[in-house]
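Quick notes on the structure that follows.
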Amino acid sequence: MPELPEVETTVNSLNILKNKKVTNLQIYTKKLRYTVPHIKLKKIIKSELIQSRRISKYVILDFKNNYTLIIHLGMSGRLKILKNYSSKHKHDHLSIKFNNNSYLLINDPRKFGFVDFIESDKIYKLSYIKKLGIDALDKKLSIEYLYKKIKKSDVLIKQILINQHIVAGIGNIYASEILFDAKISPLKKGKSLNKYQIGKIIKSIRKILKRAVESGGSSINDYVSPDGTLGNFQNNFKVYGKEGLLVRGFKIKKVILYGRSTFFCPEIQK
DNA sequence: CACTCTCCCTGAAAGC
DNA sequence: TGCTTTCAGGGAGAGT
C-alpha cells in the first residue's frame with residue numbers, strides 16, 4: 001500500500017514522461033473513491049507534462065497549460081507505464097497516452113484512490129492539501145513542532161504518526177516500523193513523550209523512510225513501480241506483519257489500535 | 001474543535 | 001476441494 005516511499009518512487013519513475021505531450025485520454029471508470037472529473041480532465045490532451053512531484057502521499061502531475069492532475073493511490077492503487085497497450089487490463093481506470101507512444105495507466109482494484117484536476121496555482125487551496133501537516137521527510141519537521149502538536153494530546157503516538165494533519169506521509173505500516181526503530185511503544189500517549197523521545201522518533205522517521213525510498217518502496221500486495229520494478233523494502237520490515245516472531249528473544253505482538261493492525265515488541269519498545 | 005467510528009472496495013487468506 | 005467469511009487499510013464524513 002502506497003505510503004510516502006512508494007509515492008516518492010512512483011513520481012521519480014514518472015519523470016521519464018517529462019516534456020512529453022498527451023495525445024489521448026481514456027476514462028474507463030466513472031467513480032473511484034470520488035467521481036472522476038472526466039470533463040475537466042480532457043484539458044490535458046495536447047498539453048505537455050512539466051514535472052512529476054509528490055505532496056505527502058499525493059502524486060502531482062503539472063502540465064504546461066497550467067493545470068495539475070492529482071492522483072491519490074489509496075491502498076491498492078498503482079501507476080503503470082506501458083509501451084504497448086492494446087486492451088484494458090482488469091482494474092485499469094484511466095489511460096493517458098503520450099506522444100512517445102507510452103501509456104500511463106491508473107490501476108486500482110479496491111478503488112480507494114482518486115483523481116482530481118485543478119488549475120496549478122490553486123492546488124494549495126484544495127482542502128485535503130491545505131490541511132496537511134509537515135511532510136515526514138521535510139527538514140522543517142522539528143522536535144519543537146512535534147512536541148508542540150502533541151504535548152497535550154491524549155492520543156496514542158501511533159495514531160499521531162499516521163495523522164496526516166500533523167506529519168504527512170506516514171501510513172499504518174511505516175508507523176509500526178518507525179516506532180520499533182525508535183524503541184518507543186505505540187501505546188504511549190503523545191503527551192507522555194519528552195523531547196528526547198520525540199527526537200528519536202523524528203530520527204527514525206527519516207531513517208526508515210529514506211531507506212525505504214532507496215529500496216524502491218515496499219511491494220506488499222500489488223504495489224509495483226510504474227516501470228515495473230518491484231520495491232523490496234518489505235524484506236526490511238522488522239515488525240510489520242510479523243506477529244509471534246522473535247526479536248532478540250522477545251515476541252512481536254499485534255494489537256488493533258483505532259481499527260488498524262499495529263505490530264510491536266513490548267520488551268524492546270518502552 | 002478534537003477525537004473515534006464507519007464506510008467505501010476487491011482480492012487474498014482463513015475458516016468451515 | 002470449494003464455498004463463505006474475514007481482513008486489509010487511507011481518509012472523508014458522521015457521530016460523540
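Keep in mind that the numbers below use all heavy atoms, side chains included, and drop hydrogens, waters and symmetry copies. Throughout, a chain's letter reflects where its sequence line sits, starting with A, and its residues are numbered from 1.
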Rounded to whole angstrom units, what separation is found between the [atom1] atom of [X] and the [atom2] atom of [N]?
{"X": "A:Asp108", "N": "B:dG11", "atom1": "CG", "atom2": "C1'", "answer": "12 Å"}
{"X": "A:His72", "N": "B:dC9", "atom1": "NE2", "atom2": "P", "answer": "17 Å"}
{"X": "A:Arg78", "N": "B:dG11", "atom1": "CZ", "atom2": "C1'", "answer": "15 Å"}
{"X": "A:Lys30", "N": "B:dC9", "atom1": "NZ", "atom2": "C1'", "answer": "19 Å"}
{"X": "A:Ile256", "N": "B:dT4", "atom1": "CD1", "atom2": "P", "answer": "16 Å"}
{"X": "A:Gln159", "N": "B:dT4", "atom1": "CD", "atom2": "P", "answer": "6 Å"}
{"X": "A:Leu156", "N": "B:dA2", "atom1": "CG", "atom2": "P", "answer": "18 Å"}
{"X": "A:Met75", "N": "B:dC7", "atom1": "CE", "atom2": "P", "answer": "17 Å"}

Toward the 5' end of DNA chain B, which comes first, A:Val155 or A:Arg33, by nearest nucleotide?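 In this pair, the answer is A:Val155.
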Do the side chains of A:Lys238 and A:Asp181 get close enough for a salt bridge, i.e. N-O under 4.0 angstrom?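 No, no charged N to carboxylate O under 4.0 Å.
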Any residue meeting salt bridge (Lys or Arg N to Asp or Glu O under 4.0 Å) with A:Lys122, in chain and number order, not counting sequence neighbours: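 A:Lys122 satisfies salt bridge (Lys or Arg N to Asp or Glu O under 4.0 Å) with A:Glu119 only.
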Got a sec, which residues hit salt bridge (Lys or Arg N to Asp or Glu O under 4.0 Å) with A:Lys253, two or more places apart in sequence or on another chain?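 Partners of A:Lys253 under the salt bridge (Lys or Arg N to Asp or Glu O under 4.0 Å) test: none.
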Considering every strand and a 4.0 Å limit on heavy-atom distances, what is the contact class for [X]: base, sugar-phosphate, or nothing?
{"X": "A:Lys254", "value": "sugar-phosphate"}
{"X": "A:Lys31", "value": "nothing"}
{"X": "A:Phe112", "value": "base"}

Quick one: is A:Lys152 getting a side-chain N or O under 4.0 Å of the B:dA2 phosphate, OP1 or OP2?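 A:Lys152 to B:dA2 OP1/OP2: no side-chain N or O under 4.0 Å.
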Has A:Ser153 got a side-chain N or O lying under 4.0 Å from the OP1 or OP2 atom of B:dC3?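 The answer is yes; a side-chain N or O of A:Ser153 sits under 4.0 Å from OP1 or OP2.
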Proximity of A:Tyr103 and A:Phe98 rings by center, below 6.0 Å: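 Ring-ring flag for A:Tyr103/A:Phe98: false, centres at least 6.0 Å apart.
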At the 4.0 Å heavy-atom cut-off to chain A, mark where contacts on DNA chain C begin and end, going 5' to 3'.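 Taking any atom under 4.0 Å from a heavy atom of chain A, the span is C:dA8 to C:dA12.
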Which donor-acceptor pairs under 3.5 Å do side chains of residues 24-36 of chain A form with protein atoms, sequence neighbours excluded?
from, atom 1, to, atom 2, distance (Å)
A:Thr29, OG1, A:His93, ND1, 2.6
A:Arg33, NE, A:Phe112, O, 2.9
A:Arg33, NH2, A:Phe112, O, 3.2

With sequence neighbours excluded, give me every salt bridge (charged side-chain N to carboxylate O under 4.0 Å, His left out) pair touching residues 129-153 of chain A.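 The answer is A:Arg54-A:Asp135.
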Residue pairs involving residues 81-96 of chain A (criterion salt bridge (charged side-chain N to carboxylate O under 4.0 Å, His left out); sequence neighbours excluded):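 Of all non-adjacent pairs touching residues 81-96 of chain A, those that pass salt bridge (charged side-chain N to carboxylate O under 4.0 Å, His left out) are A:Lys80-A:Asp92.
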